[in-house]
Chemist: 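Can you keep this structure in mind? I'll have questions shortly.
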Amino acid sequence: KHSLQRLYEQPCAKRKAKLSQDKTEIEDNIKRNVCRRQPKEQSEKDKNACKRLYEQPMKAQKNLMEHLEKKHINALEQGHPPKVRLTNDQSEEAIHRLYSQSVDHKKSVRDATEKKIYGEAPAARKLDKETLKENIDKLYSKAVDSKNEKRDALKQKYGWRGNCSSKTISKEKVTELVTRLGGK
């Protein structure tokens, strides 16, 4: 009995005191702000905006707090704390709903979007040998032939000769060339 009182009744009493304190603070705020003298030049549009933006949310909060307090007090009167426990089946169902169905839905939406954007994928088809050879010629052989033709044109234009003759000169000729160029 003592542990039940310590674990349940004391926190409930503190919560009840906090709820009543919050309730009085909300009521004081509403009284202060509703009864405040409005300036004379405030238009009807401004009054409606003030009600919509401040007074209505404050009243809604007050109503919510009253509802929660009644619910809390009813739970206390019945002698048990308000709680919800899920069975294993319910938790598995919630997991399935929140995860598996979400993943499936996203996949179906993605597939539908891809189908809408890109259309149906064409069926795969094999190329016959002649078409394959034509494609290879177009993509590779013609490119290589074009490259060789350009190289030949450059050879003709700039006079490049593939086989250059090489000569061997003697040591005397080398020293003569070096002295002529400014060396020793």
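Note that the structure is predicted; figures quoted are calculated from it, not measured.
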Chemist: Roughly how far, to the nearest 0.5 Å, is the CZ atom of R97 from the CD atom of Q101?
Modeler: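 Answer for the CD-CZ pair, Q101 versus R97, is 7.5 Å.
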Chemist: Which atom pairs, one a donor and one an acceptor, fall under 3.5 Å between side chains of residues 115-129 and the rest of the protein, sequence neighbours left out?
Modeler:
unit_1 : atom_1 : unit_2 : atom_2 : d
K115   : NZ     : E120   : OE2    : 3.1
D128   : OD1    : T131   : N      : 3.2
D128   : OD1    : T131   : OG1    : 2.3

Chemist: Does the pair T113 and R110 meet the rule for a side-chain contact (heavy atoms from CB on, under 4.5 Å), with working shown?
Modeler: CA-CA 5 Å; T113 304; R110 185 181 64 238; 5.7 Å; no
Chemist: Partners of S170 by side chain to side chain donor-acceptor pair (under 3.5 Å), sequence neighbours excluded?
Modeler: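 Only E172 meet the side chain to side chain donor-acceptor pair (under 3.5 Å) criterion with S170.
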Chemist: Using the rule that two of Ile, Leu, Val, Met, Phe, Trp, Tyr join whenever any of their side-chain heavy atoms come within less than 4.5 Å, decide whether L98 and V103 are in one cluster.
Modeler: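 L98 and V103: separate clusters.
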Chemist: With rounding to the nearest 0.5 angstrom, report the CG to NZ distance, D152 to K150.
Modeler: 12.5 Å
Chemist: Using atom types as modelled and distance alone, determine if a side-chain donor or acceptor of S146 lies under 3.5 Å from a backbone N or O of K142.
Modeler: no
Chemist: Does Q156 use its side chain to pair, donor to acceptor, with the backbone of A153 at less than 3.5 Å?
Modeler: no
Chemist: Using a strict 4.0 Å threshold on nitrogen-to-oxygen distance, state whether D111 and K107 make a salt bridge.
Modeler: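 Salt bridge present between D111 and K107.
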Chemist: May I have the step-by-step check of side-chain contact (heavy atoms from CB on, under 4.5 Å) for K14 and K18, ending in yes or no?
Modeler: CA-CA 6 Å; K14 288 180 183 178; K18 175 73 171 141; over 6 Å; no
Chemist: For N48, look at atom CG and say whether over 12 heavy atoms of other residues, nucleotides or ligands are found less than 6.0 Å away.
Modeler: yes
Chemist: Can you tell me how far apart CD (E93) and CD (Q90) are? Round to the nearest 0.5 Å.
Modeler: 7.5 Å
Chemist: So how far is it from D22 CG to K62 NZ, rounded to the nearest 0.5 Å?
Modeler: 13.5 Å
Chemist: Could you measure the distance from the CD atom of E66 to the CD1 atom of I26? Nearest 0.5 Å is fine.
Modeler: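 The CD atom of E66 sits 9.0 Å away from the CD1 atom of I26.
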Chemist: Kindly compute the distance separating CD (E25) from CE (M65), expressed to the nearest 0.5 Å.
Modeler: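 Rounded to the nearest 0.5 Å, the CD-CE separation comes to 10.0 Å.
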